[in-house]
Amino acid sequence: MMELKNKELLRQAYEMLQTKKNNQNRRWDFPNQMLYDLCSNYPSQEDAEQVVAKIWLIGRSYAASVERIHGVERPQGDIYYDHVAPAICKIAKPLQNAIESLNKQNCLDENNFTLVLETHRLLEMALHSAVSMNMTSLASKYLHFHCRNVFPIYDSYAYRGAISLVKKDSAALKAMLGRGIAANETYADFVMRFLFLQNIIVDQYGKSLSLREMDFLLQNWGWRDNGSLI
């Protein structure tokens, strides 16, 4: 059963979010909105030009670009046009269908949890076929900017923040993966903790945080916390 590690830690994290939001006065909202607008105005997953523009700008903006590969041989030629774009265009139809379906639902919840994980895995595997590396973070960020209310942004600091606040439900995670759901286990664990925490904040503070606010909370708490990743 998933539960908070410590209610006091959540209170501190929530207060940190409110303080930083007030001090930073919505800093970076406009640059992020440009990326949301890019994906809204150019939603195609089968047009190579659109795919390259989106994956390049999102990856570079969020320190997750495909050029950041290491430990494997770099693909020959233009990594975007010769490798990444063809890989995404190859899965364009199921990827586009999932994005459109999830945007209609307009929130992350228990009802679309499976589709969120399977769509993330679909894109992650396409990226892996292009660059021979797991691109868990990039896949989450690319999907977030297409579905801002559905896909949580994953990176090491957000994950650390989630881990420091919410206990892992190993049994539930194992049972879900055992049902044959195509998912990255790390991203699945992150999203489970993320969704649980989002619901707890509603219960305790009467406030429904957006995915962007949740990311802000987890990122800042992840930077602060030095706990182990368990």
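One is the number of the first residue; the rest follow in order along the sequence. On a predicted model such as this, the values are computed, not experimentally measured, just so you know.
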Quick check: does any side chain N or O of S137 sit under 3.5 Å from a backbone N or O of Y154, one acting as donor and the other as acceptor? yes

Could you go step by step and tell me if M16 and L217 meet the side-chain contact (heavy atoms from CB on, under 4.5 Å) rule? CA-CA 8 Å; M16 179 184 290; L217 182 152; over 6 Å; no

Quick one: CG on L95 to NE2 on H120, what's the gap to the nearest 0.5 Å? 11.5 Å

Looking only at the aromatic ring of each residue, does the gap between the centers of F145 and Y62 stay below 6.0 angstrom? yes

Within the side chain of H146, is there an N or O that forms a donor-acceptor pair under 3.5 Å with the backbone of E100? no

Any donor-acceptor pair under 3.5 Å linking the side-chain atoms of D155 with those of Q219? yes

Scanning both residues in full, the closest heavy-atom pair of L115 with A98 reads CD1-CB, 4.2 Å

Are Q204 and N199 close enough that some pair of their side-chain heavy atoms sits under 4.5 Å apart? no

Are I91 and Y42 linked, directly or through other ILVMFWY residues, by side chains that come within less than 4.5 angstrom of each other? yes

Decide yes or no for V150 and C107: does some side-chain heavy atom of the first lie under 4.5 Å from some side-chain heavy atom of the second? no

Do the side chain of N220 and the main chain of F216 share a donor and acceptor less than 3.5 angstrom apart? yes

Would the number of heavy atoms belonging to other residues, nucleotides or ligands and lying under 6.0 Å from CD of E185 be above 12? no

d(L143 CG, T119 OG1) to nearest 0.5 Å is 7.0 Å

Worked check of ring pair (Phe, Tyr, Trp, His ring centres under 6.0 Å) between H144 and Y36: CA-CA 9 Å; H144 171 79; Y36 290 125; 5.5 Å; yes

Determine, stepwise, if the pair L102 / V116 fulfils side-chain contact (heavy atoms from CB on, under 4.5 Å). CA-CA 8 Å; L102 290 166; V116 166; 4.1 Å; yes

So, W56 and S65: side-chain donor and acceptor under 3.5 Å apart, yes or no? no

Would you call K93-E46 a salt bridge at under 4.0 Å N-O? no

Backbone N/O of L165 and side chain of N6: donor-acceptor pair under 3.5 Å: no

Compare all side-chain heavy atoms of R212 with those of I153 and state whether any distance is below 4.5 angstrom. yes

Return yes if some donor-acceptor pair links the side-chain N/O of D215 with the main-chain N/O of L211 below 3.5 Å, else return no. no

Can a donor-acceptor pair be found, under 3.5 Å and without considering hydrogens, that links the side chain of R193 to the backbone of V166? yes

What's the verdict on side-chain contact (heavy atoms from CB on, under 4.5 Å) for S156 and R160, showing C-alpha distance, side-chain angles and the deciding distance? CA-CA 6 Å; S156 61; R160 183 180 290 278; over 6 Å; no

Within the distance-only criterion (no hydrogens, no angle test), does the side chain of N103 pair as donor or acceptor with the backbone N or O of N106 below 3.5 angstrom? no

Is there a side-chain contact between S140 and Y187, using heavy atoms and a 4.5 Å cut-off? yes

In this structure, CD of E3 is separated from CD1 of I200 (nearest 0.5 Å) by 10.0 Å

Check the side chains of D37 and Q33 for a donor-acceptor pair under 3.5 angstrom, ignoring hydrogens and angles. yes

Which heavy atom of I201 sits nearest to which heavy atom of K207, and what is that distance? CG2-O, 3.5 Å

Spacing of S61 atom OG and N32 atom CG [to the nearest 0.5 Å]: 8.5 Å

K5 to I163 - nearest heavy-atom pair and separation: NZ-O, 2.8 Å

Quick check on the hydrophobic clustering: are M34 and L38 connected, directly or via other members, by side-chain heavy-atom contacts under 4.5 Å? no

Counting only heavy atoms not in E8 (residues, nucleotides, ligands), do more than 12 fall under 6.0 Å from its CD? yes

To check you understand the geometry: which heavy-atom pair defines the closest contact between P43 and Q50, and what is its length? N-OE1, 3.5 Å

What's the spacing between S210 OG and N149 CG if we round to 0.5 Å? 7.5 Å

Can you say whether the rings of Y159 and F190 are parallel (under 30°), tilted (30 to 60°) or perpendicular (over 60°)? perpendicular

In this structure, CZ of R179 is separated from CG of L177 (nearest 0.5 Å) by 8.5 Å

Does a side-chain heavy-atom distance below 4.5 Å link F113 with M176? yes

For the side chain of D169 and the backbone of M2, is there at least one donor-acceptor N/O pair under 3.5 Å apart? yes

Step-by-step side-chain contact (heavy atoms from CB on, under 4.5 Å) determination, N134 to N184: CA-CA 10 Å; N134 293 328; N184 175 296; 5.6 Å; no

How close do L4 and K7 get, heavy atom to heavy atom, and via which atoms? CD1-CG, 4.0 Å

Give a yes-or-no answer on whether the side chains of Y205 and Q18 include a donor-acceptor pair shorter than 3.5 Å. no

Do the side chains of L218 and L197 get nearer than 4.5 Å, heavy atoms only? yes

Is there a path of hydrophobic side-chain contacts, each under 4.5 Å between heavy atoms of I, L, V, M, F, W or Y residues, that connects V202 with L195? no

Is the shortest side-chain heavy-atom distance between M135 and V66 below 4.5 Å? yes

Less than 3.5 Å apart, any donor N or O on the side chain of Y142 or E124 sitting next to an acceptor on the other? no

Do Q198 side-chain atoms and L209 backbone N/O form a donor-acceptor pair below 3.5 Å? yes

Heavy-atom closest contact (P152 atom, L108 atom, distance): CG-CD2, 3.7 Å

S44 backbone acceptor or donor facing K54 side chain under 3.5 Å: yes

Does any part of the side chain of T136, heavy atoms only, come nearer than 4.5 Å to the side chain of T186, both counted from C-beta? no

Is M125 linked to I181 within one hydrophobic cluster, defined over Ile, Leu, Val, Met, Phe, Trp and Tyr using a side-chain heavy-atom separation of less than 4.5 Å? no

